[in-house]
Amino acid sequence: MIITLLMMLAGIFMPLMGIIGLMLCPLPLAILGCVEGHRQMSIAELMIEVTLFVVVSPSMAIYFLIGCAPVSGILFLLSRDDIKTVKKFTGAESLLLCIATSIIFKLILVIAFWLFTDKNIMFPDVQQMKMILSDLYANQPELQEAVNTILNVFPYLFPTLLILYSIAEGFLNYSLCYKFTKKLFPAIKNFPPELPEFKLWKFPVSILIASIFALIFGFFVDTDTWLNGSIFVMNLQLVISVLMFVQGVSVAFWIMDGFKLRRGSKVIVCIILSFPFFWPWLMVIGMSELALNLRNRIKFKNQN
């Protein structure tokens, strides 16, 4: 309970650094539920809800109730050993269910606040950001103009940013919940199904089809005159690019494992791949994996 409250407060008072706290605040409650049961988890959630409502603000209490607690709840349900229907889910399916839960309740949260306050609680004030950045780049007019252009487009990318945030939230909470409960509490049987190794991750081929569709759509449609079309293409291309990048990184880890690189060599390769110059190539590798099944065609000696 205390850890979750500290994470929530960090997200309120340290927006840039505290976003990780907001993203991970479902984790302690999920672990509590796995170890102690749903009664203790429910009591902790109620105490956090009351504390946020009284000490911080009603809006943050609502944010916790709709935006965070459901993720803890679905993680707890996926972790329960006594629910036989849950056992049918694989790790990948369970993770997708966790991400879907995050997306659905985040949308409910945004819609609820928009109806009552006419503001988006999950989106920064663009005008305020422009004022801050204008002072920061006052001596660099070209850079300031480029930043303003990006900020003008920023609100239209909110659907994609919400999806990417939910994906990151779901993955971090799910994977950490599995690691912490299994390693720190080996006696319990309640922990989420294990995810496949990252080097073996493979997204559906439908994502490749969607990327081709986005490319064709953007080529034939005049997005300069059709605003909705432009917004759709931008959001779709951003999501696809991130997924293709992750797929490419997964293949890169598989290749490093195939060459039996040591940990130090892997760290050096990861540092090199972190430079933006290599990002498009990683996306190309990701697309090639989905189209050609590279990992089934390339064989390394003694690779698992």
Are Ile212 and Met283 joined in one hydrophobic group, where the rule is that I, L, V, M, F, W and Y side chains link up if heavy atoms are under 4.5 Å apart? yes
Does atom CZ of Phe245 have more than 12 heavy-atom neighbours from other groups under 6.0 Å away? yes
Straight-line distance of Leu109 CG to Ile66 CD1, nearest 0.5 Å: 5.5 Å
When you measure from the side chain of Asp257 to the backbone of Lys199, do you find a donor-acceptor pair of N or O atoms at a distance under 3.5 Å? no
Ser79 vs Thr181 side-chain heavy atoms within contact, under 4.5 Å: no
Give the minimum heavy-atom separation between Tyr178 and Pro192, together with the two atoms involved. CD1-O, 3.0 Å
Determine whether Ile268 and Val249 fall in the same hydrophobic cluster, where Ile, Leu, Val, Met, Phe, Trp and Tyr are linked whenever their side-chain heavy atoms lie under 4.5 Å apart. yes
Nearest 0.5 angstrom please: Glu93 CD to Leu78 CG, how far? 11.0 Å
Can you find a pair of side-chain heavy atoms, one from Thr90 and one from Pro193, that are under 4.5 Å apart? no
List the steps and the verdict of side chain to side chain contact (heavy atoms under 4.5 Å, CB included) for Leu236 and Thr160. CA-CA 8 Å; Leu236 182 59; Thr160 295; over 6 Å; no
Rounded at 0.5 Å granularity, tell me how far OG1 in Thr101 sits from NZ in Lys106. 10.0 Å
Can you list the steps and then say if Tyr174 with Ile99 is a side chain to side chain contact (heavy atoms under 4.5 Å, CB included)? CA-CA 9 Å; Tyr174 187 97; Ile99 293 173; over 6 Å; no
How close do Ala210 and Ile240 get, counting heavy atoms only, and between which atoms? CB-CD1, 3.9 Å
Which heavy atom in Cys270 sits nearest to a heavy atom in Met256, and how many Å separate them? SG-CE, 4.2 Å
With rounding to the nearest 0.5 Å, note down the distance linking CG in Asn190 to CD1 in Ile31. 13.0 Å
Once the angle between the rings of Phe76 and His38 is folded into 0 to 90°, is it parallel (under 30°), tilted (30 to 60°) or perpendicular (over 60°)? tilted
Do the side chains of Ile74 and Leu96 join up, straight or via other hydrophobic residues, at under 4.5 Å, putting them in one cluster? no
So if you build clusters from Ile, Leu, Val, Met, Phe, Trp, Tyr with side-chain heavy-atom gaps below 4.5 Å, do Leu27 and Phe185 land together? yes
From the list Trp254, Phe253, Phe171, ring-ring contact (aromatic ring centres under 6.0 Å, His included) partner of Trp201 resolves to Phe171
Output for pair (Cys25 SG, Ile20 CD1), nearest 0.5 Å, gives 11.5 Å
Give me the atom names and distance for the closest heavy-atom approach of Arg295 to Ser250. NH1-OG, 3.2 Å
Ile255 and Ile298: same hydrophobic cluster, using ILVMFWY side-chain contacts below 4.5 Å? yes
Is it true that Trp114 and Phe158 have ring centroids separated by less than 6.0 Å? no
Is there a donor-acceptor pair under 3.5 Å between the side chain of Glu289 and the backbone N or O of Gln247? no
Taking the side chain as every heavy atom from C-beta outward, state whether Phe113 and Ile62 have any pair of such atoms under 4.5 Å apart. yes
Quick one: are the ring centres of Trp281 and Phe278 less than 6.0 Å apart? no
If you round to the nearest 0.5 Å, how far is CG of Leu65 from CD of Glu45? 8.5 Å
With sequence neighbours left out, write down each residue that passes side-chain contact (heavy atoms from CB on, under 4.5 Å) with Ser288, or none if nothing qualifies. Val284, Leu294
Ser94 vs Phe89, side chain to side chain contact (heavy atoms under 4.5 Å, CB included): CA-CA, chis, key distance, verdict: CA-CA 6 Å; Ser94 300; Phe89 290 122; 3.3 Å; yes
How close do Leu95 and Gly170 get, heavy atom to heavy atom, and via which atoms? CD1-O, 3.7 Å
Heavy-atom closest contact (Glu169 atom, Leu22 atom, distance): OE2-O, 4.3 Å
Taking it one step at a time, do Met244 and Ile285 satisfy side chain to side chain contact (heavy atoms under 4.5 Å, CB included)? CA-CA 8 Å; Met244 290 299 178; Ile285 293 174; over 6 Å; no
Is there side-chain contact between Phe191 and Cys177, with heavy atoms separated by less than 4.5 Å? no
